[in-house]
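One structure below.
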Amino acid sequence: MTNLTLLLQSKQQPRPANPQAASIGMERWIETADRTDDPDLAGFARQIAEAPDARALLEALFGNSPFLTDCLLKDIGFARLLLQDGVDQGFANALAQCDLAGESDDMKALMKGLRRAKRQAALSIALADITGQWTLEQVTQALSALAERSLQVGADFLLRMLAKQGKLPLANPDNPSEGSGLVILGMGKLGARELNYSSDIDLIVFYDDELPLYAEIESLRQPMVRLTQDLVKIIEERTVDGYVFRTDLRLRPDPGATPVAVSGAAAESYYTSVGQNWERAAMIKARPVAGDIEAGQRFLSHIAPYIWRKHLDFAAIQDIHSIKRQIAAHKGGRTIAVLGHNIKLGRGGIREIEFFAQTQQLIWGGRNADLRISDTCSALDALVRAGRITEAVAEEMKTAYRFLRQVEHRLQMIEDAQTQTLPKDDAGIERLAAFLAYPDGEAFRRDLLHHLQTVETHYSELFEESPSLTVAGEQARGNLVFTGGESDPDTLETLAEMGYDNPERVASLVRGWHHGRYRATRSERARQILTELMPLLLETLSRSASPDTAFLRFDQFLSRLPAGVQLFSMFQANPRLLEAVAQVMGGAPFLAEQLSRRPGLLESLLTEPDVAALQSAEALQRDLDQALGLAGDYQDVLDIVRRWNNDRRFLIGLHILSGKLDADAAGPLLSRVAETAIRALLPHVEADFARQHGMPPGPEGDTGGIAVVALGKLGGGEMTIGSDLDLVFLYDAPIDAQSDGPRPLPAVQYYARLGQRLISALTAQTGEGDVYPVDMRLRPSGKTGPIASSLESFAKYYAESAWTWEFMALTRARPVAGPEALLDAASAVIRRILTQPRDPATLLADVADMRHRVEKEKPGTILWDVKMGRGGLVDVEFAVQYLQLRHAAERPDVLDQNTTAAYEKLVGAGCLPAETGATLIAATRLWRRLQGLLRIAVGDAAFDEEAATRDQKDALLRAGGAVDFDGLKQNILATAEQALACYRALIDDPAAALPKPSQQEKTK
């Protein structure tokens, strides 16, 4: 038992943290040995159990690690070999087991053999580590050697299988990987031969599809991707025998957009065009670990100039600094703790030691080849020789590195868990201290804090003169790291603290930006500036009502940009511009959509938009006509009108959002823009339609046309950003008239199809979006009526069949496009309809009944539904429409499509008391201001006061003329109460006083 004696000579013999588990483990040790058919093995097990020192070693394993307990008891025969012949022989046997498994032609047998080898290696390495027989370097190199051997065996097996299936030829059947062009790069700790005990292995798989060997193969991608997937299965899949290593392929070029195996040519192109500095840092540790080793070395030599740049410009150095500063953005913001601390990613942890070396290797390694070393401790020594750090700093960092790696290994040995997080309670720290052979938890804490603080001190001094990445005037929140292929845990925590509900998604999308997936982020300079901007950008977007929504809208905006350097530079130079963009993204869905579709609209945020031109219908028409002069065909016309219309609406929306334009005053502007778009489209639609069906038929001897009549918000000149168009189409032609084109149509069919064509021109989605949604339900007979009506049938319908609510809607009818004579005729018909004498009692009863039905079907709360809430827009509009219909026969001058203008006319005609008119006009203007702003701020969604941003609330305060939010709500409630009182005095109370039979009559 000489080798057992060596094991027992350890100066760091741990004590069992769980004596009960140690006792049970010893019992199971004897029971397991007794159940074997080998008397010598049973005797050996009892001999070990009876020897005090040997028993203490086993109890240390049983009392600290369920995983190692399982390894010992699953293969007690190997445990005897290990204890008798030593850890070196035990590990050699494990590697031999790998080779033996590779001789099989069956994948299941291969996987079973590799998992047995892993279990034997894990036990050998753990004993070597725990008893101090191996240094840290020996432990990590052994783990790395096991991974390499397993990968090579798996790759050779799969290449042989592909060759047997006729899918790939082999250059050397005796050595399948040789000359195969299959490159399996080990990255990170595997590449540096620094694997931790329960490490995953970071791999990148390339293949050389330009080899003459594969000249007859049409596509090498499919077999290589399948090989890679099967290799991952062989290594990673958990079976009853366990697994070999967890694998991670996310360090390959742009992992979200590339297959698991990438051609070497594509990879070289990626690295030399959009490769990032963090990827250069990752490549420092890259090493061919399996497959065609020579091909792997050739690949690395080809991209060496990308990794090791001889001359770094200032911007590149700044980018390297900024990567470090992303990680250090939290400096001073959090303290180093013991409970729950992540010794890899946390402050003072392993990652900081690695990055301390790698950043300096990146900067100086291009000119000093001696710095091109993959393992951390050797890199620190090389930096000393190069005069970049002092020997004292290097020794302190190496000592801390070895200490933290040993703690990491003990953490992982307990349950074979891929963890670097310390226990979150004192009892857990005591158990870990016992496994590390400390006398108590306090002694372990002292050493741990000393090393963490040492690392943090040296790390924080690295590039200490570089500017901070924290937001000016803001308390640093925490990490904002978006390098590598996985999310940094501290970064996810920081994003959650900022208010993002899905930090993982945000981090993933930002990594996509850095991978150059969008045109705007493909240049190195763009990504460098973006790195610097990231804290400010995320902080600014986080102040939105919904940070995730604002971020996703910004991502959509970024995806459509043709380039990024200029924009990102503007954001850097003018943070207020970024705040304006964030305000749009977070607070104005319509504007955000327009900005995403047309990034050029950003100029509207940089300059003072000219709204004066929107005041004149003639100026608008000239402007659009000039733009349409560039149209080459009908599709161009549709796109130009959409672009022009949405640009103007965006401009108006910006003014409303910023408070430069009253949302009530914006109604006429938005309405003029809509009218101009309709008037511009109509002749092009008619001309396109006429090419097939001839000119529109009209009165005898005359060419007709279609009149577009606006109702609702457009008719009243009260549109909001989100308004649709309520339209009616009218024409004047004999019933037997017919067009004169190649495919002539009767007038009824002609105008119905022409009207439908105009609707399509307004609503069809193109690359520029649509113009407006169109609602035709206010036409005669609603959904069942014809798309277009003749003037005669229109007048007849209202004389014989229309309901009271249709007359009310007609008070807002305004012809906006079509032949002048037809528009005049339509206006005259509408005016005749509205000025017909009516029975006051029937009208009053109908209006009151309709409002009660609306309230029952669509109840609303005036906070923040200013349309449906009682005393809101529906009430003031019902009242004015009732009054116009009530008095228009005697006083036609009271008719006006606009609500406030109609009230003014009613007061002027003596049909409404001035005080009542003033109350209702004030209410209407307040509701229009609030509704106009809310349509921009939340679209069709309900306003959530609790989630609203400061900017949204400030805008609402401006619209409501209040100094604070409580005052605004009181103003809304008081205004609604006053308006409702007026409505009831005008309609509800008189209707209630009507004789009952009148209320039971059919409302027509």
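These numbers were taken from a predicted model, which means no experiment stands behind them.
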Only one of K285, K398, K189 forms a salt bridge (Lys or Arg N to Asp or Glu O under 4.0 Å) with E354, so which one is it?
K189
Just wondering, more than 12 heavy atoms not from Q297 lying within 6.0 Å of its CD?
yes
Nearest 0.5 Å please: distance from the CG atom of L249 over to the CD1 atom of I204.
9.0 Å
Mind listing the closest non-hydrogen atom pair of S124 and V87 along with its distance?
O-CG1, 3.6 Å
Any donor-acceptor pair under 3.5 Å linking the side chain of Y270 with the backbone of A265?
no
Ion pair E137/R405, N-O distance below 4.0 Å
no
Do the side-chain N and O atoms of N196 and E408 include a donor-acceptor pair separated by under 3.5 angstrom?
yes
Go through it in stages, so that I can follow the logic: the residues are Q412 and T419, the test is side-chain hydrogen bond (donor to acceptor under 3.5 Å, both in side chains), and I'd like the CA-CA distance, side-chain angles, deciding distance and then a yes or no.
CA-CA 6 Å; Q412 294 176 347; T419 182; over 6 Å; no
V244/E236 under side-chain contact (heavy atoms from CB on, under 4.5 Å): CA gap, chis, key distance, verdict:
CA-CA 6 Å; V244 188; E236 183 176 79; over 6 Å; no
Go through L151 and L190 one step at a time and tell me if the side-chain contact (heavy atoms from CB on, under 4.5 Å) criterion holds.
CA-CA 12 Å; L151 288 166; L190 174 58; 4.2 Å; yes
Is the number of heavy atoms from other residues, nucleotides or ligands under 6.0 Å of K74 NZ greater than 12?
yes
Check: D555 and W513 side chains under 4.5 Å, non-hydrogen atoms:
yes
Are side-chain heavy atoms of R246 and I235 found at a separation under 4.5 Å?
no
Determine, for K164 against D105, whether the closest basic-nitrogen to carboxylate-oxygen distance falls under 4.0 angstrom.
yes
So, R115 side chain and G242 main chain: donor-acceptor pair closer than 3.5 Å or not?
yes
In the structure I gave you, are the side-chain heavy atoms of I284 and I373 within less than 4.5 Å of one another anywhere?
no
Are more than 12 heavy atoms, taken from residues, nucleotides or ligands other than Q165, located less than 6.0 Å from that residue's CD atom?
yes
Side-chain heavy-atom pair I353, T376 within 4.5 angstrom cut-off
yes
Quick check: do L143 and I125 have side-chain heavy atoms less than 4.5 Å from each other?
yes
Could R643 and D639 be called an ion pair, given the rule that one side-chain N must be under 4.0 Å from one carboxylate O?
no
Minimum-distance pair of heavy atoms, taken over all atoms of L211 and G179
CD1-O, 3.6 Å
I'd like to know if the side chain of E178 and the backbone of N172 have a donor-acceptor N/O pair within less than 3.5 Å.
no
If you count heavy atoms of other groups shown closer than 6.0 angstrom to CZ of R505, is the number above 12?
no
Measure across G90 and L81 and return the closest heavy-atom pair with its distance rounded to 0.1 Å.
CA-CD2, 4.0 Å
Counting heavy atoms not belonging to Q765, are there more than 12 under 6.0 Å from its CD?
yes
Taking all non-hydrogen atoms of both residues into account, name the closest pair between I184 and L231 and its distance.
CD1-CD2, 3.7 Å
I need the S508 OG to L492 CG distance, nearest 0.5 Å.
10.5 Å
Is a donor on one side and an acceptor on the other found under 3.5 Å between the side chain of R252 and the backbone of T258?
yes
Looking at I293 and P288, what are the two nearest heavy atoms and their distance?
CD1-O, 3.9 Å
Can you confirm whether the side chains of S378 and D381 place a donor and an acceptor under 3.5 Å from each other?
no
Mind checking whether P259 and M224 have side chains closer than 4.5 Å, heavy atoms only?
no
Does D292 use its side chain to pair, donor to acceptor, with the backbone of S180 at less than 3.5 Å?
yes
Side chains of T140 and E194, donor plus acceptor under 3.5 Å:
no
Verify side-chain contact (heavy atoms from CB on, under 4.5 Å) between L146 and F245, making sure each step is shown before the conclusion.
CA-CA 10 Å; L146 175 68; F245 285 93; 3.9 Å; yes
Below 4.0 angstrom, N of the basic side chain to O of the carboxylate: do K344 and E352 qualify?
no
Distance, nearest 0.5 Å, that separates CZ of F206 from OG of S263:
9.0 Å
Verify side-chain contact (heavy atoms from CB on, under 4.5 Å) between D200 and T247, making sure each step is shown before the conclusion.
CA-CA 5 Å; D200 59 358; T247 60; over 6 Å; no
Would you say the side-chain atoms of D416 and S198 include a donor-acceptor pair closer than 3.5 Å?
yes
Mind running ring pair (Phe, Tyr, Trp, His ring centres under 6.0 Å) on F557 and F554 for me, showing each step along the way?
CA-CA 5 Å; F557 164 69; F554 185 85; 5.7 Å; yes
What closest approach, in Å, do A192 and S374 show between heavy atoms, and which atom pair accounts for it?
CB-O, 3.5 Å
Count the heavy atoms of every other residue, nucleotide or ligand shown that sit under 6.0 Å from CZ of R221, and state whether that count exceeds 12.
no
If you define the side chain from C-beta out and look only at heavy atoms, does anything of R560 sit under 4.5 Å from Y518?
no
Validation: residues 92-101 side-chain donor-acceptor distances under 3.5 Å, sequence neighbours left out:
residue : atom : partner : partner atom : Å
N93     : OD1  : Q89     : NE2          : 2.8
D99     : OD1  : R149    : NH1          : 3.4
D99     : OD2  : R149    : NH1          : 2.9

Can you tell me how far the CG atom of L537 sits from the CG atom of L530, to the nearest 0.5 Å?
7.0 Å
Between D106 and K108, does any side-chain N to carboxylate O distance fall below 4.0 Å?
no
Distance in Å, Q361 CD paired with L383 CG, rounded so as to fall on 0.5 Å steps
6.0 Å
Nearest 0.5 Å, what's the CZ-OH distance between R280 and Y271?
13.0 Å
Side chain of S199, backbone of I201: donor and acceptor closer than 3.5 Å?
no
How about Q418 and Y197: does a side-chain donor come under 3.5 Å of a side-chain acceptor?
no
Any heavy-atom pair between the side chains of M283 and M187 that's under 4.5 Å?
yes
